[in-house]
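This chain uses plain numbering: 1 for the first residue, then up along the sequence. FYI, side chains are in, hydrogens and waters are out, and symmetry mates aren't considered; it's all heavy atoms of this structure.
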Amino acid sequence: EVDIYDIRPVSSCNFRSMISHFGRFHHRLGYVTIYLNGNWRLLIIGMHLGYGFVRIPDKSIRRNKLSVDHISPLLTAEQAERNIRNILHRSQQQRSFAQIYASYLHRDTKIPIFAQSAKITMENIHLQRIESLRALMRAKDWDAVVITGSDPHSSEYPALRWKQVEWLTGFTGEAGDLVVTQDHAGLWTDSRYFIQAVNQLSGTGVELHKTRVPDQVLIPEWLCQQFSDQGIIALDGLCASASWVETIPGDIISIPNLLSMLWKDRPEIPQTPIFSIECGESRMSKLQWLREYLSNHGCSAMLVSSLDEIAWLLNMRASDIEFNPLIISYLLIAEDSAVWFVRKDGTTDESTEASLSILSSEGVSIESYDSASYLIPDMVEGSLMIDADTLNYELYHNLLSSGIELRKVSSPIQKRKAVKNDFEIDAMRRIHVKDGVAMEKFLYWIERSLSSGREIDEWDAAVKLGNFRSEIEEYRGDSF
C-alpha cells in the first residue's frame, strides 16, 4: 500500500529550483530521477514527462505545505493512477528505500485528483513472478524449485538469458541461488552481497540466507530439513552442475529452461563474432597435449564444458558474455577428432566465417550447440572424461542414460593453461606498460578536472578510463 498525501500549493516554490537544490536532474526512461540519500523521501508528482521522481528531505515534507508551480498536463484520474502504477512497477528498487508520497495536481485548479490519505495497492512485480512460479509448482505437484545464478557452463558471469535469479527476485549480484516452496522463498548468497540483497529483496517475499558465515545452512541441508528425502525438487538442470545436483536430497526433476514457461520475453542465447588469437602455442599443439593426457588415463575422449577452457584450447574468442571474451559452446576431443558445438548457425560476419574456416582446415568439425546432447553419445567409443563441477546436470544425465562410461575428474586444462609461455609473458609485460600509460593519462585528467572545480562521479571516471584504454591498438573491450 502506498500513502498518497494531499500536497497543496500554498506558497511560491519553483519545481526546477527545488530539483537543483535537493538533487540532480536526470532523465531516464521517460521520467525524472533524483538519487536517494540517507533519510530522503520519495515524492511522485506530475510533470511534462508524465510522472517523475523527486526525492526531498523529510523536513521539507509537510502536509498542505509544499508548493509546486510546475504542473503536469491534464489527465483523467484513471490515467493518472495508471501512470503512477507503471512508474512504481518500474522502480521497485527505489521503493525499497523509503515510503512513497504521491500526488497528481490538476493543471488549472491545482486540486489533487487523489484524496488525502487514499490507498493504492502496489504489488511487487517480482512477488507476482514468484507467485506465478508457485502456481506452476502446484499444477506440477512440485514441493520446491531451485534456481541457480549460473548458466549451462557453470560460468560466474552468465549472459542475460540465464540471469534467472535476477528476473525472479530483482537481485543483481553475481552469486546467488534461489529456492522457492509454497510457503517460503530464500536467496543464498555470500557476504559480498548481504546489504545489496536486503535492499533489492525488499517487498519480494524472498528471505536472505547468508553463506560463508559460521553455522551456515546451505541449500542441500535446508531442503533436507524441510522435506527429508521425500521432497519432489524441480530445477533447471541446464544451469546446475552435475556434482552440485547430486548433493540435493529428494526426487530430482530436471526441466531444461524451466522459467521459459513464465519468462515470455526471455533473451536468446547470444551470438557474437568469433576471432582467432595468437598466443605462442597453436591449437593443434594444445589438442595433442590433451589427447596424450586422455591416452595416459585410459579415456577415449573428453567433453570440455567450461567456456574459458574451450577458448584457451581453440585460441578463439568472442563476447557472448559481457566483459568476458568467451563463446557459448561445448568441445568434444577424441583420439582422432575434435567437434565444436557452437551456436553460430546463420552467422554472416566475416570474422566468424574466417575463424570457423580456419578450424575446419585444422580438423575441427562444427556442429550446432543444441545438438550436443543427442550427437555426443554416437561419437564416443569407450570412456568419456568429464568435469562434473562444470558439466551441467541435464547433459550429464543424458550422457549417463545413453550408457556411456563417464570418468569424473577435475579438468587438467585449468592447471595447464595457468602455466604461461614466453610469448604470453612478454605480451602481458608489454600490454601492462601500455595500460599504465592509459592509467597515467586518466590520473592526470582527474587531477586537472578536480583542480578546475569539476565534479566527477564513478560513471564519468569509468567512461573516461575506458576511452583512454580504447586508444591501445590491441584493445578488445573492458574486462570484468
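Under the side chain to side chain contact (heavy atoms under 4.5 Å, CB included) criterion, Ser132 pairs with Leu262, sequence neighbours left out. For Ser411, the side chain to side chain contact (heavy atoms under 4.5 Å, CB included) partners two or more places apart in sequence, or in a different chain, are Met302, Glu309, Asp387, Ile413.
The stretch residues 265-287 participates, sequence neighbours left out, in no ring-ring contact (aromatic ring centres under 6.0 Å, His included) pair at all. Sorted by first and then second residue, the side chain to side chain donor-acceptor pair (under 3.5 Å) pairs involving residues 290-299 (not counting sequence neighbours) are Gln288-Glu292.
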Distance-only criterion, 3.5 Å: show the donor-acceptor pairs between side-chain atoms of residues 217-236 and protein atoms not counting sequence neighbours.
{"unit_1": "Asp236", "atom_1": "OD1", "unit_2": "Leu238", "atom_2": "N", "d": "3.0"}
{"unit_1": "Asp236", "atom_1": "OD1", "unit_2": "Asn257", "atom_2": "N", "d": "3.2"}
{"unit_1": "Asp236", "atom_1": "OD2", "unit_2": "Asn257", "atom_2": "N", "d": "3.2"}

Atom pairs and distances, side-chain donor-acceptor, residues 247-255, under 3.5 Å, sequence neighbours left out:
{"unit_1": "Thr247", "atom_1": "OG1", "unit_2": "Trp244", "atom_2": "O", "d": "2.6"}
{"unit_1": "Ser254", "atom_1": "OG", "unit_2": "Gly237", "atom_2": "N", "d": "3.3"}
{"unit_1": "Ser254", "atom_1": "OG", "unit_2": "Glu394", "atom_2": "OE1", "d": "2.4"}

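Of the N and O atoms on the side chains of Ser305 and Thr390, at least one donor lies less than 3.5 Å from an acceptor on the other residue. Checking Ser276 against Arg283 by side-chain atom types alone, a donor-acceptor pair falls below 3.5 Å. Remark: the Tyr193 side chain and the Gln200 side chain contain no N/O donor-acceptor pair separated by less than 3.5 Å. Side chains of Asp370 and Ser368: no donor on one and acceptor on the other come within 3.5 Å. Using modelled atom types, one finds no donor on one side chain facing an acceptor on the other under 3.5 Å when comparing Glu367 with Ser371. At a cut-off of 3.5 Å, with distance as the only test, a side-chain donor of Asp183 or Thr181 sits close to an acceptor on the other residue. Counting only N and O atoms by type, the side chains of Asp389 and Ser243 include a donor and acceptor under 3.5 Å apart.
Within the 4.5 Å cutoff, side-chain heavy atoms of Met428 are placed close to those of Lys420. At least one side-chain heavy atom of Glu131 sits less than 4.5 Å from a side-chain heavy atom of Leu127. Counting heavy atoms from C-beta on, the side chains of Gln196 and Phe171 come closer than 4.5 Å.
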Discussion item. Run the side-chain hydrogen bond (donor to acceptor under 3.5 Å, both in side chains) test on Thr211 and Asp190 for me, step by step, so that the C-alpha distance in whole Å, both residues' side-chain angles and the decisive distance to 0.1 Å come before the verdict.
Written reply: CA-CA 5 Å; Thr211 66; Asp190 61 66; 5.0 Å; no
Discussion item. Using ring pair (Phe, Tyr, Trp, His ring centres under 6.0 Å), reason through Tyr330 and Tyr369 one step at a time and then give a plain yes or no.
Written reply: CA-CA 7 Å; Tyr330 300 99; Tyr369 177 76; 5.2 Å; yes
Practice prompt. Could you please spell out the steps behind the side-chain hydrogen bond (donor to acceptor under 3.5 Å, both in side chains) verdict for Ser401 and Asn398?
Written response: CA-CA 5 Å; Ser401 300; Asn398 288 344; 5.5 Å; no
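Ring planes of His209 and Trp188: parallel class, angle under 30° (limits at 30 and 60°).
We find that Arg469 and Asp478 are not joined by a salt bridge, their nearest charged nitrogen and carboxylate oxygen being 4.0 Å or further apart.
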